Amino acid sequence: MNISPISDKRKSELISDFIVEQIKSNAWLAKQKIPSEFDLASQFNVSRTSVRHAISQLVGQGILTTKHGEGTYVNEVLPDGFFGNLRQLFIMETPAYLEVQEFRKIIEPSITFYAALKARAEDVEALGSSVKNQMECVRKNDMKAYALEDQHFHMLLAISTKNSMVIKTISILGEMMNLAMEHTTAITGYTNGVEFHTQIFEHIKNREPEKASMVMQQHIENNIRAALERQDKIM
């Protein structure tokens, strides 16, 4: 199947929509392995970051399952309401940036705490790869790719908790979170994010939940502080 390069809509969203359509049309069946990140990236003429982001969202929604060292498969049992358009309910109105950050401050330190407790070896490896990818985005000065990888990192944290409610909540709110990540990058730049993420990763790898949670809180508070300072300058 030949697919033209994506130019206008969000690349990761179109890839996600394509995967869902393949499943809905029975082109890809339950338990079937889907094409690799490399193959999908080549097919869509996009970066693997965009593909990775789309797949992590669908894993969070219970549509796909990633098996370490094997690949990604269509789930045998799809989540209730799979054919509904639930995502649109959450992206019709985007909350104020500071409200998103406040929401993150309420839940993400706890998510990070449980990620450090429950992350498996493959989760730690995925988080480490995400940090490396972020560093590469910084090296290339690619803000859009960095924002996607930023959100992917936070989705991986949710997946690492092994709590289905946490995973589904972060996945459903993914579009709003992504807008917030892009705005954060525009305000604070790349460096702070990578530094915080690196510290969080190290604490998770070392099984230090309290320290990982504390750094996440500092990370979000830094975003809030930067946004307020910017607002004051504008006013």
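Values in this document were obtained by computation on a predicted structure and should not be read as measured data.
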Between the side chain of Ser213 and the main-chain N/O of Pro109, is any donor-acceptor distance below 3.5 Å? yes
Quick test of your reading of the model: are Glu149 and Arg52 salt-bridged, counting only N-O distances below 4.0 Å? yes
Let me know which of Gln134, Lys132, Arg139 forms a side chain to side chain donor-acceptor pair (under 3.5 Å) with Glu136. Arg139
So, for Ala212 and Ile200, which heavy atoms are closest and what is the spacing to 0.1 Å? O-CG1, 4.2 Å
Mind listing the closest non-hydrogen atom pair of Ser12 and His53 along with its distance? OG-CD2, 3.0 Å
Hphob cluster co-occupancy, Met214 + Ile111, side-chain heavy atoms under 4.5 angstrom: no
With heavy-atom distances below 4.5 Å as the criterion, would you say the side chains of Thr65 and Val59 are in contact? no
Beyond-backbone contact of Asn133 with Arg48, side-chain heavy atoms, under 4.5 angstrom: no
Report yes if some heavy atom in the side chain of Thr72 is under 4.5 Å from a heavy atom in the side chain of Lys33; otherwise report no. no
Check whether the ring centres of Phe201 and Phe153 lie less than 6.0 Å apart, and answer yes or no. no
Do the non-hydrogen side-chain atoms of Leu117 and Thr161 ever get within less than 4.5 Å of each other? no
Which heavy atom of Ser16 sits nearest a heavy atom of Leu58, and at what distance? OG-CD2, 3.5 Å
Give, for atom CG of Leu228 and atom CG of Leu98, the distance between the pair rounded to the nearest 0.5 Å. 5.5 Å
Salt-bridge test for Glu102 and Lys105: reply yes if a basic N is under 4.0 Å from a carboxylate O, no otherwise. no
With a 4.0 Å cut-off on N to O distance, would you call Lys162 and Asp123 a salt bridge? yes
Atom pair CD1 (Ile159) and NE2 (His152), whose distance is rounded to the nearest 0.5 Å: 7.5 Å
Plane angle bin for His219 and His154 - parallel if under 30°, tilted between 30 and 60°, otherwise perpendicular: parallel
Nearest-0.5 Å distance, CE of residue Met155 to CD1 of residue Ile55: 13.0 Å
Checking Ser36 now: which residues fulfil side-chain contact (heavy atoms from CB on, under 4.5 Å) with it, not counting sequence neighbours? Phe38, Asp39
Do the side chains of Asn163 and Tyr114 get nearer than 4.5 Å, heavy atoms only? no
Taking all non-hydrogen atoms of both residues into account, name the closest pair between Leu29 and Val74 and its distance. O-CB, 3.3 Å
Could you check if a side-chain atom of Ile63 sits within less than 4.5 angstrom of a side-chain atom of Ile19, using non-hydrogen atoms only? no
After noting the C-alpha distance and the side-chain angles of Asn75 and Leu64, does the key distance pass the side chain to side chain contact (heavy atoms under 4.5 Å, CB included) rule? CA-CA 5 Å; Asn75 268 349; Leu64 299 176; 5.9 Å; no
I'd like to know if the side chain of Ser171 and the backbone of Ile167 have a donor-acceptor N/O pair within less than 3.5 Å. no
Out of curiosity, Asn141 CG to Tyr146 OH, how far, rounded to the nearest 0.5 Å? 12.5 Å
Would Lys11 and Leu148 count as a side chain to side chain contact (heavy atoms under 4.5 Å, CB included) if you check the C-alpha gap in whole Å, the side-chain angles of each, and the deciding distance to 0.1 Å? CA-CA 10 Å; Lys11 296 175 181 178; Leu148 279 176; 5.9 Å; no
Given Gln22 and Ile34, is the side chain to side chain contact (heavy atoms under 4.5 Å, CB included) satisfied, shown in steps? CA-CA 10 Å; Gln22 293 297 100; Ile34 73 170; over 6 Å; no
Quick one: OG1 on Thr49 to CD on Gln151, what's the gap to the nearest 0.5 Å? 12.5 Å
Side chain to side chain contact (heavy atoms under 4.5 Å, CB included) evaluation trace for Ser160 with Leu127: CA-CA 9 Å; Ser160 297; Leu127 286 165; 4.0 Å; yes
I'd like to check Leu157 versus Ile204 (side-chain heavy atoms, cut-off strictly below 4.5 Å). Are they in contact? yes
Okay, side chain of Thr169, backbone of Met165: is any donor-acceptor separation there less than 3.5 Å? yes
Please check if atom CZ in Arg120 has more than 12 non-hydrogen atoms from other residues, nucleotides or ligands closer than 6.0 Å. no
Sidechain-backbone polar pair: Asn206 side chain, Glu202 backbone, donor-acceptor under 3.5 Å: yes
Phe113, Leu156: one ILVMFWY side-chain cluster at the under-4.5 Å cut-off? no
Working to the nearest 0.5 Å, report the span between OG of Ser47 and CD of Glu37. 10.0 Å
Can you tell which of Arg225, Gln217, Gln218 makes a side chain to side chain donor-acceptor pair (under 3.5 Å) with Glu221? Gln217
How close do Leu40 and Pro35 get, heavy atom to heavy atom, and via which atoms? CD1-O, 3.8 Å
Quick one: does Asn222's side chain get under 4.5 Å of Phe196's, heavy atoms only? yes
Answer yes or no for Lys31 and Tyr73: cation-pi contact, defined as NZ/CZ to six-membered ring centre under 6.0 Å and angle to ring axis within 45°. no
